[in-house]
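All heavy atoms count here, side chains included; hydrogens, waters and symmetry mates do not. Just so you know, residue 1 is the first one in the sequence shown, and it goes up from there. Keep in mind the model is a prediction, meaning the values are calculated, not measured.
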Amino acid sequence: MTYPDLCMVIDGERVSGGARRTHRVVNPATGETLAELPLADAADLDRALDAAARGFRRWRNSTPHERAAVLQGAARLMLERQDELARVAVLEQGKTLAEAKVEVLMNVGLFNFYAGEVFRLYGRTLVRPAGQRSTVSKEPVGPVAAFAPWNFPIGNPGRKLGAPIAAGCSVILKAAEETPASALGVLQCLLDAGLPGEVAQAVFGVPDEVSRHLLGSPVIRKLSFTGSTAIGKHLVKLAAEDMKRTTMELGGHGPVLVFDDVDVDQVLDTMVAAKYRNAGQVCVSPTRFIVQEDVYDRFRTGFAERAAQITVGDGLDPATRMGPMANPRRPDAMERLIGDATARGATLLSGGGRIGNRGFFYQPSVLSDIPLDAAIMNEEPFGPVAVINPFAGEEAMIEEANRLPYGLAAYAWTRDSARQRRLAREIESGMVGINTTMIGGADAPFGGVKWSGHGAEDGPEGVEACLVTKAVHEG
């Protein structure tokens, strides 16, 4: 398959020429260069801001029917282009083709949901004495700066584009420079479905330069960011200078509570597959396995056995169950975290090393009996490693689940219905899966608490995040 030519999309035009700085886009399965990506300069960003201001004036007055038609049209085009979009994502990010196809379908479902939600952006009329009138309405917040990471190169741009467009906003998307073609493919579906070119644009560049320039402009009224907690804190400070609205979907360190009343094999069959999805490069990845003592030995042994059987290879190979990591930084991080844990006394049950000398492959890894002061127990590993520790019972397990300042996704396995209700109440997390790994959906809010961010994407909440409330009182 041919990798597409890369560009920026500013004010409806493809921008790629001139004496520009570029970023080398690499295939993580081979380490070879796919293409050179042109990067924005200050003039490009100013042009995008001017277009976004015009686009907002145009799109805020669009009808719900017009917005719905664009979103539904883009969903149809993504479905028609599913194979092409998925293959591009595999080439530049590394995940398996099956995972990339599911990512396309996630966008299709979200765009179709938002196409219906545009008709439900209700206000209300308040009860007042005769001759007076008070109304509450929802209005689009304004132009949005949306920053998307590389781990879901199709789904993240879809989230960043879909909600502002549904709400009547314009949006400047800066997707990851590692995975530009996937983001451009999603944007192209919207433009081909009739979205005006000034309403949604795509720029790439040096991340700090782009973020400071866009967030320093009064044109931008909202920031939407998905990425690490450290970068998120930095961007929130920049946004605060102009009191911009923010939606922040930041890092996690997903706890998994496994109680002794479960079918251990059933839990393992489900959670091992979830752990190594996208090589563990998932913000909601199950990572800290908090296992009740009576089933601990059986659980960790079974986990390591299953991890060792996972086929690792090029994501385009139908036999592959886990592709390479997305960039050379991630294997380096795995070596540092696993090395630190074993140096502190943790047991390495499986994996723990690179695979081959080509690309960014790393073994599915399992650690057990890890001291709590190990780095991997306190910072998000974002890779193919599970950490498994024993705990005496429910109180200690909940305490460990809530120990860290992260609170994005958590999981629990138990047959006790009363315990399920207690866990749902006591676990500090924006999303909790009990006896399931399915914690997202087009109609469900996606977001975290504490250091994992604030606000939500998807569901009615995703559109609501791009709206402001206005009360009008008439005497």
Side-chain angles (χ1 to χ4, degrees), residues 227-234 250-259 271-272 274-276 279-297 299-301 303-304 307 325 329-354 362-413 423 426-430 432 448-453:
S228 72
T229 295
I231 299 299
K233 289 181 178 181
H234 167 67
L250 307 180
H253 204 314
V256 186
L257 288 71
V258 181
F259 291 89
M271 297 311 294
V272 171
K275 170 66 260 181
Y276 300 109
Q281 300 165 128
V282 181
C283 55
V284 297
S285 182
T287 298
R288 287 183 295 142
F289 289 83
I290 301 165
V291 184
Q292 198 162 8
E293 288 174 341
D294 288 351
V295 293
Y296 173 69
D297 287 340
F299 186 88
R300 66 172 181 170
T301 299
F303 206 109
M325 305 196 78
R329 302 185 302 275
R330 300 319 307 154
D332 289 346
M334 292 303 98
E335 289 187 335
R336 174 179 64 84
L337 292 169
I338 293 174
D340 171 76
T342 54
R344 293 174 184 271
T347 300
L348 180 64
L349 297 175
S350 182
R354 298 172 187 253
Y362 202 86
Q363 295 172 325
S365 303
V366 183
L367 290 166
S368 69
D369 302 292
I370 313 101
L372 293 184
D373 64 352
I376 201 168
M377 295 300 296
N378 297 282
E379 61 181 87
E380 182 179 27
F382 216 65
V385 56
V387 294
I388 308 174
N389 276 339
F391 289 84
E394 182 178 321
E395 183 177 351
M397 294 168 74
I398 293 174
E399 181 180 356
E400 170 59 17
N402 293 337
R403 176 179 59 86
L404 297 183
Y406 302 102
L408 185 59
Y411 307 86
W413 290 83
L423 295 172
E426 297 296 335
I427 292 176
E428 298 170 354
S429 183
V432 180
V449 298
K450 303 193 292 187
W451 281 14
S452 291

For side chain to side chain donor-acceptor pair (under 3.5 Å), just list the numbers for Y362 and D332, CA-CA rounded to whole Å, side-chain angles, deciding distance to a tenth of an Å, and then say yes or no. CA-CA 10 Å; Y362 202 86; D332 289 346; over 6 Å; no

Side chain of [X], backbone of [Y]: donor and acceptor closer than 3.5 Å?
X    : Y    : result
R336 : A375 : no
K275 : P286 : yes
S429 : V432 : no
N402 : E428 : yes
S365 : G351 : no

For the pair Y406 and H253, name the ring-plane relationship: parallel under 30°, tilted 30 to 60°, perpendicular over 60°.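 Ring orientation of Y406 relative to H253: tilted.
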
Look at the aromatic rings of F299 and F289 and report parallel, tilted or perpendicular, splitting at 30° and 60°.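 Aromatic pair F299/F289 classed tilted.
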
Should [X] and [Y] count as side-chain neighbours, where that means a heavy-atom distance under 4.5 Å?
X    : Y    : result
F259 : L423 : yes
Y296 : I388 : yes
Q363 : S350 : no
W413 : M271 : yes
L257 : Y411 : no
R300 : V291 : no
P390 : I290 : no

So Q292 and F391, side-chain contact (heavy atoms from CB on, under 4.5 Å) or not? Walk me through it. CA-CA 5 Å; Q292 198 162 8; F391 289 84; over 6 Å; no

Write down the atom of [X], the atom of [Y], and the distance for their closest heavy-atom approach.
X    : Y    : value
A374 : A341 : CB-CA, 4.2 Å
P381 : T287 : CG-CG2, 3.6 Å
A307 : V272 : N-CG1, 4.3 Å
T229 : G251 : OG1-N, 3.4 Å

Separation between [atom1] of [X] and [atom2] of [Y], rounded to the nearest 0.5 Å:
X    : Y    : atom1 : atom2 : result
L372 : M377 : CG    : CE    : 5.5 Å
W451 : K233 : CH2   : NZ    : 3.5 Å
S452 : L250 : OG    : CG    : 7.0 Å
E426 : E394 : CD    : CD    : 8.5 Å
T347 : I370 : OG1   : CD1   : 8.0 Å
L337 : M334 : CG    : CE    : 5.5 Å

Going by atom types alone, do N389 and R288 pair a side-chain donor with an acceptor below 3.5 Å?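 The answer is no; no qualifying pair exists.
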
Output, in order, the C-alpha distance, side-chain angles, deciding distance and verdict of side-chain contact (heavy atoms from CB on, under 4.5 Å) for E400 and R403. CA-CA 5 Å; E400 170 59 17; R403 176 179 59 86; 2.8 Å; yes

From CA spacing to verdict: side-chain contact (heavy atoms from CB on, under 4.5 Å), V385, V366: CA-CA 6 Å; V385 56; V366 183; over 6 Å; no

Set of residues satisfying side chain to side chain donor-acceptor pair (under 3.5 Å) with respect to D340, sequence neighbours excluded: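 R344.
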
Among all residues two or more places apart in sequence or in another chain, which pass the side chain to side chain donor-acceptor pair (under 3.5 Å) test with E335? R354

